[in-house]
Amino acid sequence: MLDMKVLREQPEVIRANLEKRGDTARIPVLENAMRWDRDWREGQRELDHLRHQRNVVTGEIRELKAAGRDAGAKIREAAELPERIRSLEARVDEIQRNLRDAMLRIPNLLHESVPKGATEEDNLEVRRWGKPKAPAFELKGHAELAEALGIADFERGRKAAGAGFVYLLGDLARLDQALLRFGTDFLVKRGFTPVFPPHALRRSAYEGMVDLTAFEEVMYKVEGEDLFLIATSEHPLGAMFMDEILDADRLPLKFAGVATQFRKEIGAHGVDTKGLFRMHQFNKVEQFVFCRPEESWRIHEELQKNTEDFYKALGIPFRVVTLCSGDTGKVAAKTYDMEAWFPRQNAYREVGSNSNCTDYQARRLNIRGGKAGGEKFLVHTLNNTLVATSRCMVAILENFQRADGTVTVPKVLRAYMGGLSKVGEKQGRATKRKSPHRRTRRGES
RNA sequence: GCGGGGAUGGCCCAGCUCGGUAAGGCGCUGGAUUGCUAAUCCAGUCCUCGAAAGAGGUCGGGGGUUCAAAUCCCCCUCCCCGCGCCA
């Protein structure tokens with residue numbers, strides 16, 4: 001949510017921002033917000049005046065009674081006030097709800113460096129690293145390859161849980177864990193605190209982070225419980241400190257969220273949609289920072305460097321783009337997308353996203369910094385994917401694929417895989433061997 | 001799931017039986033004082049409106065009773081302890 005001060009004092013800034021985002025459809029929302037704000041302040045003043053009257057009269061009644069004198073006349077005078085107060089309260093509440101709803105629909109102010117544009121075509125390339133290698137043989141799609149190697153079973157994933165779920169097996173299960181562990185250690189060395197957060201949040205907590213009316217259809221809800229499975233660890237990490245005051249001396253707080261995420265997004269989006277690229281469930285190491293307002297832009301670059309260094313360590317070519325105004329999410333003031341090279345698609349594709357949300361999330365979550373009893377300020381929040389293992393594994397399976405159908409394990413990951421340097425040797429039985437495992441009577445522990 | 005106890009300002013806690021408009025402590029900030037850290041004293045410490053003076057709100061949430069609700073009545077949520085179940 002934006003600062004009400006901006007709405008009152010510089011509405012033209014908000015309007016220009018909507019125009020830059022290409023979201024002129026929302027200009028009426030802004031105009032309504034301005035009107036409701038005026039109405040609200042007017043109504044509130046009137047209400048305060050009535051309440052003041054009531055307080056004065058009840059004070060008089062109390063004094064008369066304390067002095068043992070008759071308060072009947074004053075009580076009759078006071079008796080008509082509650083109804084007037086109640087009806088005005090109802091009206092003021094409604095105006096305030098309208099105002100808040102409108103404010104929640106107005107997106108964050110973009111940073112001046114965000115290029116103007118409508119779609120991802122207009123995103124601005126910032127830099128490239130690494131040379132995509134032209135393969136000397138025909139590459140297999142990662143899903144086909146992984147199935148052939150027996151390290152992923154999409155079919156049984158569908159049988160047991162539906163499309164979008166998979167059984168990772170053998171070396172691929174290890175590779176997933178290796179990425180998580182390498183990623184965690186990588187961020188710990190850079191001063192981040194690892195967090196394994198709750199994987200479900202109640203509605204009230206979730207609503208602090210996102211507009212559930214818009215997101216509910218892509219979220220998994222637990223039946224019969226007030227719980228939603230998390231779509232990214234950004235959500236539990238933000239909710240972690242809502243309504244709190246963070247000690248200014250301890251900022252910035254840098255967290256490495258390690259979690260499994262659940263999203264219902266499906267649908268066909270281009271080539272190789274089968275496979276790990278777009279899943280209902282995947283693992284991720286996420287950078288999340290709470291900081292002072294004046295340091296957020298420096299930290300935004302720092303988080304970006306972390307992700308780039310991570311991909312350099314793996315040896316995967318990438319490019320970085322600044323999202324244009326039309327492609328930037330509602331809560332972000334500026335976003336960089338990390339795009340890894342996918343040789344099968346002969347293209348750079350998104351593997352992570354780095355946003356400075358300035359004080360937009362913090363205002364809604366009511367997360368402030370400062371000293372208890374001292375000056376307080378809204379913190380800035382930033383989040384950046386370090387690695388989403390699903391997409392990163394696709395990049396590894398494609399970029400490091402060898403002619404013999406095996407895949408080279410990036411050097412930095414080998415220590416996390418018992419020294420393994422190649423994936424795919426002496427496997428391929430798992431999908432063929434049918435082992436009729438019996439259930440034990442009370443379930444295995 | 002059953003039983004019991006709770007939710008009060010940044011934190012701890014009083015007030016609730018008996019309605020009269022949140023006491024006290026800790027922490028923090030500023031000031032005074034003493035040759036230092038300390039101690040002591042004073043003021044401040046949440047949200048909203050307002051240029052300010054000031055006013056209003058706030059006792060887990062929502063209803064109700066009343067001139068007046070932290071306090072009385074009804075409904076709900078969450079937390080803690082014990083029991084049950086159980087990785």
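Chain A is the first sequence line, chain B the second, and so forth, proteins listed ahead of strands; every chain is numbered from 1. The figures that follow rest on heavy atoms only: side chains count, while hydrogens, waters and symmetry mates do not.
- A salt bridge does not link A/Glu46 with A/Arg84: every distance from a Lys NZ or Arg NE/NH1/NH2 to an Asp or Glu carboxylate oxygen is 4.0 Å or more.
- Using a 4.0 Å cut-off between charged side-chain N and carboxylate O, A/Asp171 and A/Lys422 make no salt bridge.
- On the C1' atoms, B/C49 is 44 Å away from B/U37, given to the nearest whole Å.
- Minimum atom distance to the side chain of A/Arg202 is reached by B/C78, of the listed B/C49, B/G56, B/C78.
- Distance from the side chain of A/Trp40 is smallest for B/U48 among the nucleotides B/U48, B/C79, B/A68.
- Atom-to-atom, CG of A/Leu47 to P of B/G56 comes out at 11 Å; the value is rounded to the nearest Å.
- Among B/G56, B/G50, B/C67, the nucleotide with an atom closest to any side-chain atom of A/Arg8 is B/G50.
- Rounded to whole Å, atom P of B/A69 lies 11 Å from atom CZ of A/Arg51.
- Of the candidate nucleotides B/C67, B/G56, B/U48, B/G56 has the atom nearest to the side chain of A/Asn55.
- Taking every side-chain heavy atom of A/Ile245 into account, B/G10 is the closest of B/C47, B/G10, B/G57.
- Separating the CD atom of A/Gln44 from the C1' atom of B/C47 is a distance of 11 Å, rounded to the nearest angstrom.
- When the nucleotides B/U65, B/G20, B/C49 are ranked by their closest atom to the side chain of A/Arg41, B/C49 comes out on top.
- If you measure from atom NZ of A/Lys5 to atom C1' of B/U48, you get 13 Å, rounded to the nearest angstrom.
- Across B/G57, B/C46, B/G56, the shortest atom-to-atom separation from the side chain of A/Lys376 is found for B/C46.
- Of the options A/Arg21, A/Arg26, A/Lys20, a salt bridge (Lys or Arg N to Asp or Glu O under 4.0 Å) to A/Asp23 is made by A/Arg26 and by none of the others.
- Nucleotides B/C79 and B/U8, compared at atom P, are 14 Å apart to the nearest Å.
- With RNA chain B read from its 5' end, the first of the two nearest nucleotides for A/Arg54 and A/Ala78 is the one closest to A/Arg54.
- Counting to the nearest Å, the P atom of B/G50 and the CZ atom of A/Arg38 are 13 Å from each other.
- Between B/G20, B/C78, B/C46, one nucleotide has an atom nearer to the side chain of A/Ile61 than all others, and that is B/G20.
- Separation of the P atoms belonging to B/G54 and B/U45 is 13 Å when rounded to the nearest angstrom.
- A/Thr381 and A/Glu234 share no donor-acceptor pair across their side chains, judged by distance under 3.5 Å alone.
- Candidate nucleotides B/C46, B/C78, B/A55 were compared by shortest atom distance to the side chain of A/His52, and B/A55 ranks first.
- Considering all non-hydrogen atoms of both residues, A/Val114 and A/Cys324 come closest at CG1-C, 3.9 Å.
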